[in-house]
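Below you'll find the structure, written out as structure tokens, and then a few comments.
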Amino acid sequence: MADLPIVRFEEKIIETVEKNPVVVVIGETGSGKSTQLSQMLYKRGYAKSGMIAVTQPRRVAAVSVSRRVAQEQNVRLGEEVGYAIRFEDRTSEKTHIKYLTDGVLLRESLFNPELNQYSVIILDEAHERSLNTDILLGLMKRLIKWRHSNLKVLITSATLDGGKVSRFFSDCPVLTVPGELFPVEIVHISERPKNYVEASLKTAIDIHVREPEGDILIFLTGQDDIEKLVMKLEKKIQSLDEGSCLDALILPLHGSLPPEMQVRVFSPPPPNCRRFIVSTNIAETSLTVDGVVYVIDSGYVKQRQYNPSTGMYSLEVVQISKVQAKQRAGRAGRTRPGKCYRLYPSMVYHDDFLDATVPEIQRSSLAGTVLYLKSLDLADMDILKFDFLDSPSIESLEDALKQLYLVDAIDENGSITSLGRKMAELPLEPSLSRTLLEANELDCLSQALTVVSMLSAETTLLPAPSKISEKKRKHTPSNLPDGAGLGDHIQLLQIYEQWYQTDYNIDWCKENNLQVHGMVFVRDVRKQLSQIMQKIAKGSLDVQTSKRRRDSPQEYRILRKALCIGYANQLAERSIRHNGYRPLGFKSELVQVHPSSVLKADEDGMLPNYVVYHELIVTSRPFMRNVCAVEMRWVAPILAKLEKLNVFKLSGGSSQPDKQIQEVTLNVEKKEIATIQSPEDRDSRIQAARERFLARKGQK
DNA sequence: CAGCGAAGG
């Protein structure tokens, strides 16, 4: 066993776990918690009545950590030590220590709520507060109380606020294990720069000229800024006197780079050469670059945010949290003492930065999460009162309930329907799982499987067009199908069917500018979904190629109907006079069809009266991305449903319908209905709503 | 016309 700091605490850890059902272990980077905790517990016999599970927020981490543990245990990976991630289960009957993604553990818990196969569950990297880990935290709190067989839960994290988690788990003990990082000197700039790309350039060049060897890692927010800085750095370094300093190798690093470009940061630099790695927050946690001695931290990050009252997402540049700033600085101290240059004053850090990043659960649409929790049938379950470490807003939960009602996953009283149960079994957003189930009824399942799979990978399909490569692409018109003018879902279907006809030819993807990895992922998703649908499928699951003429609108009519019913929560109505749309069921302004859409206007230049959309995203303006034309006759029942919508009742507030206390303002209703004011705490709001309801009831 | 932080089933 390696000589890691955590080993010295073995006795203390075992003793604490022995006496307590839940233990929080705080361990900085390099403490060895991810690899050693599971082995310690295994050695002490904790795997006798079940496996030891260790969750990770990321697939690569689950694989790489399990591989290391298998090595240390001197066993073959997949036998005594294994891992499970989507599409890949490398465990066997022999397995005692199992690494898995938090998402996989959630799926397992859907089919075995007591998780009896495990005697110990370790939630690793809990400080990252991934949506899935947050749900698991809530479930673990219930499980340690209700499970019949014995269960030990360990929550491990780097810089998490241990006190908070401890309070969440009825004041469970917190053990702190030191990390093994070298000291990192922090340098703050005295004033925030106007342009942080320029400021990064200047700082990087200063380091290059003055400081001894060691790679520089620069954190910016996105691809655009990264490309700008890479170009500026190249120009500037060329202009420096040859031989006056080290050679330089400049590497961009972000998620839209093809994997072969990403792995370049793992190959060691040539001798006498300094690397400049210009990165997004991907290098904060997901990828660890060796050899970094200097970090330049812009203090910003791009974050996706969901607004439950408008149903819109936005991707905004926001200040990082203190936790993130520490994490970034720590990247400089992995191999020897380092330096971190922060492009913001220390006052900003202390006074402006949040202590911790806003957890994902407070920034996402929760339709899928709420459906998942409903399907668990927790006995004392009131979704508005589920015990989260940090609760999402009541607006967000009500929005989720409203969406689930519109797609028939819950009934008007908020109870899960049999349809909803089937939906929860599919690893998809509710609108997509609803589409699949409807397509099964309407006999277009094979097409729907393809569309839904394509959408699951949508962002990874097209190579990220950068401003630099954009000009080239404009001269190479796409040979891809156009969705028969009916919309983007149809186009995605046609693209996949064409690929299928080439027998999944990789070169075809390249010729058509489709990311190979993305398309292979779509194929995997489609296979997985087909397997799940198999037991209830009424028609064929195989990819079918069109019997009728490819651009015949009839070809896709049934599929579009299934999409309309599936996306009942993402439906928009066109204005009478122009091509702006109003999303139905949300309080929101006009939105436009995104210019990249293949949806076609009629001879008069007008777009369809109704469309469903995959996503509402605010960039320069609010846009609908991925739209599909639907027909009025399919929309009518949804409009009727929207009119009867009673969110109060959906949230289990009453068994009596009462239209007057409807809490959301809907576009379908021409009159404005007052929304509940927002008192600070949600319990008092639930109480207030109940009192108002009772008062009204009394008046009648 | 506009634009893609990171992750997961």
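Values reported hereafter were calculated over all heavy atoms of this structure, with side chains retained and with hydrogens, waters and symmetry mates removed. We name chains A, B, ... by the order of the sequence lines, and we start the count at 1 in each one. The model shown is predicted, which means the values in this text are computed figures rather than measured ones.
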Query raised in the report: Which of residues 53-62 of chain A sit near DNA chain B, with a heavy atom under 4.0 Å from it?
Result: A:P57, A:R58, A:R59
Query raised in the report: With a 4.0 Å cut-off on heavy atoms, is A:E284 in touch with a base, just the backbone sugar-phosphate, or nothing at all?
Result: nothing
Report task. Would you check if the side chain of A:T417 reaches a backbone N or O of A:A409 as a donor-acceptor pair within less than 3.5 Å? Result -> yes
Requested in this report: Tell me what A:R107 touches on the nucleic acid: a base, only sugar-phosphate, or nothing, going by heavy atoms under 4.0 Å.
Outcome: sugar-phosphate
Requested in this report: Rounded off to whole Å, could you give me the CD-to-P distance for the A:Q262 and B:dG5 pair?
Outcome: 13 Å
Requested in this report: Determine the contact category for A:S286: base if any of its heavy atoms lies under 4.0 Å from a base atom, sugar-phosphate if only primed atoms, P, OP1 or OP2 are that close, otherwise nothing.
Outcome: sugar-phosphate
Query raised in the report: Partners of A:S364 by side-chain hydrogen bond (donor to acceptor under 3.5 Å, both in side chains), sequence neighbours excluded?
Result: none
Requested in this report: Measure the distance from CD1 on A:I617 to C1' on B:dC1 and round it to the nearest whole Å.
Outcome: 17 Å
Requested in this report: Give the rounded distance in Å between these two atoms: CG of A:L432 and P of B:dG9.
Outcome: 17 Å
Requested in this report: Check the distance between B:dG8's C1' and A:E108's CD and give it to me in whole angstrom.
Outcome: 14 Å
Query raised in the report: With sugar-phosphate meaning primed atoms plus P, OP1 and OP2, does A:L106 contact a base, only sugar-phosphate, or nothing at under 4.0 Å between heavy atoms?
Result: nothing
Query raised in the report: Contact class for A:L315 (heavy atom, under 4.0 Å): base, sugar-phosphate, or nothing?
Result: base
**Report entry** Ring geometry between A:F353 and A:Y344 (parallel below 30°, tilted from 30 to 60°, perpendicular above 60°)
**Finding:** tilted
Query raised in the report: Can you tell me how far C1' of B:dG8 sits from CD of A:E128, to the nearest Å?
Result: 12 Å
Requested in this report: Only counting residues at least two apart or in another chain, list the ones meeting side chain to side chain contact (heavy atoms under 4.5 Å, CB included) with A:T35.
Outcome: A:L4, A:Q39, A:V65, A:R68, A:V69
**Report entry** Nucleotide B:dG9, atom P - distance to CG of A:D134 in whole Å
**Finding:** 17 Å
Report task. Only counting residues at least two apart or in another chain, list the ones meeting side chain to side chain contact (heavy atoms under 4.5 Å, CB included) with A:T285. Result -> A:R58, A:E128, A:Q327
**Report entry** Comparing A:S596 and A:N281 on DNA chain B - which has the more 5′ nearest nucleotide
**Finding:** A:S596
Query raised in the report: Quick one: is A:T285 getting a side-chain N or O under 4.0 Å of the B:dA6 phosphate, OP1 or OP2?
Result: no
**Report entry** Separation of B:dG9 C1' from A:E360 CD (nearest whole Å)
**Finding:** 13 Å
Query raised in the report: A:F623 near the nucleic acid: base, sugar-phosphate alone, or nothing, with a heavy-atom cut-off under 4.0 Å?
Result: sugar-phosphate
Query raised in the report: Does A:L110 have any side chain to side chain contact (heavy atoms under 4.5 Å, CB included) partners at least two apart in sequence or in another chain, and if so, which?
Result: A:R107, A:Y372, A:S375, A:L376
Query raised in the report: Choosing from B:dA6, B:dG9, B:dA2, which nucleotide comes nearest the side chain of A:R86?
Result: B:dG9
**Report entry** Test item: A:R582 side-chain N/O and A:S575 main-chain N/O as donor-acceptor pair under 3.5 Å
**Finding:** no
Query raised in the report: Residues two or more places apart in sequence or in another chain: which of them pass salt bridge (charged side-chain N to carboxylate O under 4.0 Å, His left out) with A:K322?
Result: A:D355
Query - Among B:dA2, B:dG8, B:dA6, the one nearest A:I282 by side-chain distance - result: B:dA6
**Report entry** Among B:dG5, B:dA7, B:dG9, the one nearest A:P427 by side-chain distance
**Finding:** B:dG9
Query raised in the report: Across the strands shown, which category fits A:V104 at heavy-atom distances under 4.0 angstrom: base, sugar-phosphate, nothing?
Result: sugar-phosphate
Report summary line: From NE2 of A:H127 across to C1' of B:dA6 the rounded distance in Å is 13 Å
